[in-house]
Amino acid sequence: MKLLFIYRNFLLLILLLICKPLLAQQTIPPPQSSDTERVIQILKGNSLRQKTVDSGFIIETIAGNVRLKEGITLFDCDSAVIYHHTNVLEAFGNVHINQNDSINTYAQHLRYVAADRMAYLDNDVKLLQNKGTLYTQNLIYDLKTNIANYFNGGKVINGKTTLTSEKGTYYADTKDVDFKNNVHLVDPVYDI
């Protein structure tokens, strides 16, 4: 009888040891977020300040070697302010947007509305993709559609070809550009 009791407890112990890890390995689904709930994450920065304004909203200021992330898009800059109540990022100094390692955009100032995935860039804006580079002072870039627009003059350089215009639309997915108003093409063969 004592041997049966020990054997039964031994089997229960073995069963518990086998089943416990299986119970502990339940997968918990990641939190779902819609496009309207895109979160700007702080990856690094030399200093961080949080401030709660009178209305109860939180504002974070990050300075020095700032790196932020939203979805698969990385943002680097000298300093940034995140307005959590509107989910808006404002970045200053040496701004670099790296969109999925295929499109790189640079500027000195950025206002990014995460809910709409709209980037408003100004001051020495440069958008690079493959061999072509777009230069302008103001650029509105829709990261959902990968379409960028400039309205106050821009220049696209691809190899030895330079095309300038007052207005333009850049389609990053197809690498096409629509030029409007005072379009000028300079190429080793043509000057149109």
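Numbering of residues begins at 1 and proceeds along the displayed sequence.
When the side chains of ILVMFWY residues are joined at heavy-atom separations under 4.5 Å, either directly or via intervening members, Ile58 and Ile82 end up in two distinct hydrophobic clusters. A chain of hydrophobic side-chain contacts below 4.5 Å, direct or via other Ile, Leu, Val, Met, Phe, Trp or Tyr residues, connects Ile103 to Val177. Hydrophobic cluster membership is shared by Val156 and Val189, with clusters built from Ile, Leu, Val, Met, Phe, Trp and Tyr side chains linked at under 4.5 angstrom.
Between Asn152 and Glu166 there is no side-chain heavy-atom pair separated by less than 4.5 Å. Residues Leu134 and Lys155 fail the side-chain proximity criterion, which asks for heavy atoms closer than 4.5 Å. Considering only heavy atoms from C-beta on, Tyr171 stays 4.5 Å or farther from Asn146 through its side chain. Between Ile192 and Val186, every side-chain heavy-atom pair lies at or beyond the 4.5 Å cut-off.
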(request) Decide yes or no on side-chain contact (heavy atoms from CB on, under 4.5 Å) for Leu110 and Ile97, but give the supporting numbers first. (result) CA-CA 9 Å; Leu110 161 72; Ile97 302 174; 4.1 Å; yes
(request) Evaluate side-chain contact (heavy atoms from CB on, under 4.5 Å) for Asp187 paired with Lys160, printing each intermediate quantity in order. (result) CA-CA 6 Å; Asp187 185 85; Lys160 295 181 180 181; 5.7 Å; no
(request) Check the pair Asp122, Asn138 against side-chain hydrogen bond (donor to acceptor under 3.5 Å, both in side chains), reporting the backbone distance first and the verdict last. (result) CA-CA 4 Å; Asp122 56 84; Asn138 301 88; 5.0 Å; no
(message) Evaluate Tyr141 against Ile147 for side-chain contact (heavy atoms from CB on, under 4.5 Å), listing each step before the verdict.
(response) CA-CA 6 Å; Tyr141 182 31; Ile147 297 173; over 6 Å; no
(message) Could you walk me through whether Asn87 and Val39 satisfy the side-chain contact (heavy atoms from CB on, under 4.5 Å) test, starting with their C-alpha distance in whole Å, then the side-chain angles of each, then the deciding distance to 0.1 Å, before giving a yes or no?
(response) CA-CA 7 Å; Asn87 207 16; Val39 177; 5.6 Å; no
(request) Apply side-chain hydrogen bond (donor to acceptor under 3.5 Å, both in side chains) to the pair Asn149 and Thr169, showing each step before the final yes or no. (result) CA-CA 5 Å; Asn149 290 288; Thr169 302; 2.6 Å; yes
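His85 meets the ring pair (Phe, Tyr, Trp, His ring centres under 6.0 Å) test with Phe57; sequence neighbours excluded. Scored by the side chain to side chain contact (heavy atoms under 4.5 Å, CB included) test, Asp142 finds Met118, Lys144, Thr145 as partners (sequence neighbours excluded). Not counting sequence neighbours, the partners of Phe75 by the ring pair (Phe, Tyr, Trp, His ring centres under 6.0 Å) test are Tyr112. Residues satisfying the ring pair (Phe, Tyr, Trp, His ring centres under 6.0 Å) criterion with His184, sequence neighbours excluded, are absent altogether. Not counting sequence neighbours, Phe179 has no partner by the ring pair (Phe, Tyr, Trp, His ring centres under 6.0 Å) test.
Summarising the geometry, atom CG belonging to Leu89 is positioned 5.5 Å from atom CG belonging to Leu68; distances are rounded to the nearest 0.5 Å. The structure places CG of Leu163 at 5.0 Å from CG of Leu185, a figure rounded to the nearest 0.5 Å. Remark: Leu121 CG to Thr105 OG1 distance equals 6.5 Å, nearest 0.5 Å. With rounding to the nearest 0.5 Å, the separation of CZ in Phe151 from CG in Leu139 is 9.0 Å. To the nearest 0.5 Å, atoms CG (Asn65) and OG (Ser79) are separated by 11.5 Å. Residue Lys69 holds its NZ atom at 12.5 Å from CG of Asp76, rounded to the nearest 0.5 Å.
The backbone N or O of Ala172 sits less than 3.5 Å from a side-chain atom of Gln129, completing a donor-acceptor pair. Side chain of Gln99 to backbone of Leu143: a donor-acceptor contact under 3.5 angstrom is found. Glu60 places no side-chain N or O within 3.5 Å of a backbone atom of Lys51 that could act as its donor or acceptor partner. When atom types are taken as modelled, the side chain of Thr136 and the backbone of Gly153 share a donor-acceptor pair closer than 3.5 angstrom.
Residues Phe92 and Val81 approach most closely at CE1-CG2, 4.3 Å, considering heavy atoms. Across Asp124 and Gln137, no two heavy atoms sit closer than the pair N-OE1, 3.1 Å. When every heavy atom of Asp78 is checked against every heavy atom of Val66, the shortest pair comes out as O-CG2, 3.6 Å. Here the closest heavy-atom approach between residue Ser165 and residue Tyr150 is recorded as OG-OH, 2.7 Å. Taking all atoms of both residues into account, the shortest heavy-atom contact from Ile62 to Gly45 is CG2-CA, 3.9 Å.
Residue pairs satisfying the ring pair (Phe, Tyr, Trp, His ring centres under 6.0 Å) criterion with at least one member in residues 114-139, sequence neighbours excluded, are absent.
Other residues, nucleotides and ligands place more than 12 heavy atoms under 6.0 Å from the NZ atom of Lys175.
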